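Quick notes on the structure that follows.
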Amino acid sequence: DNRLNLAEASLKWGDRTAARMQLEALAHGWSDAQERFKGEEWALAWRDWRDRFESARDKLNEPSRILRSPRNQD
């Protein structure tokens with residue numbers, strides 16, 4: 001959950017490199033975590049984590065937007 005939170009925050013802050021690193025680390029350890037945290041008591045958490053992971057991954061794969069200063073809009 002901590003890596004996922006950090007990936008989501010990094011995306012909000014515009015730090016795509018940090019978000020990518022966290023999502024890659026999550027993907028790498030995903031199967032081990034599923035083995036450690038399994039059973040009915042973890043089902044809702046895994047559903048939430050999966051949805052959030054996919055959403056973050058989708059946002060990371062979107063083309064980045066170029067930010068422009070409002071002063072230079074003439």
Side-chain angles (χ1 to χ4, degrees):
D1 197 39
N2 290 337
R3 283 194 186 273
L4 186 53
N5 288 331
L6 185 53
E8 290 169 331
S10 296
L11 285 169
K12 280 186 178 181
W13 298 330
D15 190 346
R16 296 166 68 89
T17 302
R20 181 175 283 107
M21 288 174 51
Q22 293 306 318
L23 291 175
E24 287 174 359
L26 269 171
H28 181 71
W30 198 265
S31 61
D32 289 340
Q34 284 181 316
E35 279 299 312
R36 290 177 53 203
F37 306 108
K38 58 185 174 181
E40 192 172 316
E41 66 271 15
W42 289 98
L44 289 176
W46 278 109
R47 188 174 311 136
D48 174 58
W49 294 333
R50 192 175 319 111
D51 291 346
R52 290 172 53 206
F53 177 83
E54 290 172 4
S55 177
R57 185 189 58 208
D58 291 346
K59 287 177 185 174
L60 184 63
N61 291 326
E62 290 175 357
S64 60
R65 292 180 277 167
I66 297 173
L67 301 177
R68 295 190 178 128
S69 170
R71 295 181 191 174
N72 297 329
Q73 296 293 321
D74 298 6

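Side-chain atoms are counted along with the backbone in the values below, which use heavy atoms only and exclude waters and symmetry mates. Remember, it's a predicted structure, so these values are computed and weren't measured experimentally.
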>> Students often mix this up, so state it plainly: with edges at 30° and 60°, are the rings of Trp49 and Trp42 parallel, tilted or perpendicular?
In response: tilted

>> Under a 3.5 Å distance rule, please check whether Trp13 uses its side chain to pair with a backbone N or O of Glu8 as donor and acceptor.
In response: no

First locate atom [atom1] of [X], then atom [atom2] of [Y], and finally report the distance between them rounded to the nearest 0.5 Å.
X	Y	atom1	atom2	answer
His28	Leu26	NE2	CG	11.5 Å
Arg20	Leu60	CZ	CG	4.5 Å
Arg57	Leu23	CZ	CG	9.0 Å

> Is any side-chain N of the basic residue among Asp1 and Arg52 closer than 4.0 Å to the acidic one's carboxylate O?
Replying inline: yes

>> Side chains of Gln22 and Leu4, heavy atoms from C-beta outward: is any pair under 4.5 Å?
In response: no

> Heavy-atom count around Asp51 CG within 6.0 Å, excluding the residue itself: above 12?
Replying inline: yes

>> I'd like to know whether CD of Glu35 has more than 12 heavy-atom contacts from other residues, nucleotides or ligands below 6.0 angstrom.
In response: no

>> To check you understand the geometry: which heavy-atom pair defines the closest contact between Ala18 and Ser10, and what is its length?
In response: CB-OG, 3.6 Å

> What residues, two or more places apart in sequence or in another chain, satisfy side-chain contact (heavy atoms from CB on, under 4.5 Å) together with Ala27?
Replying inline: Phe53

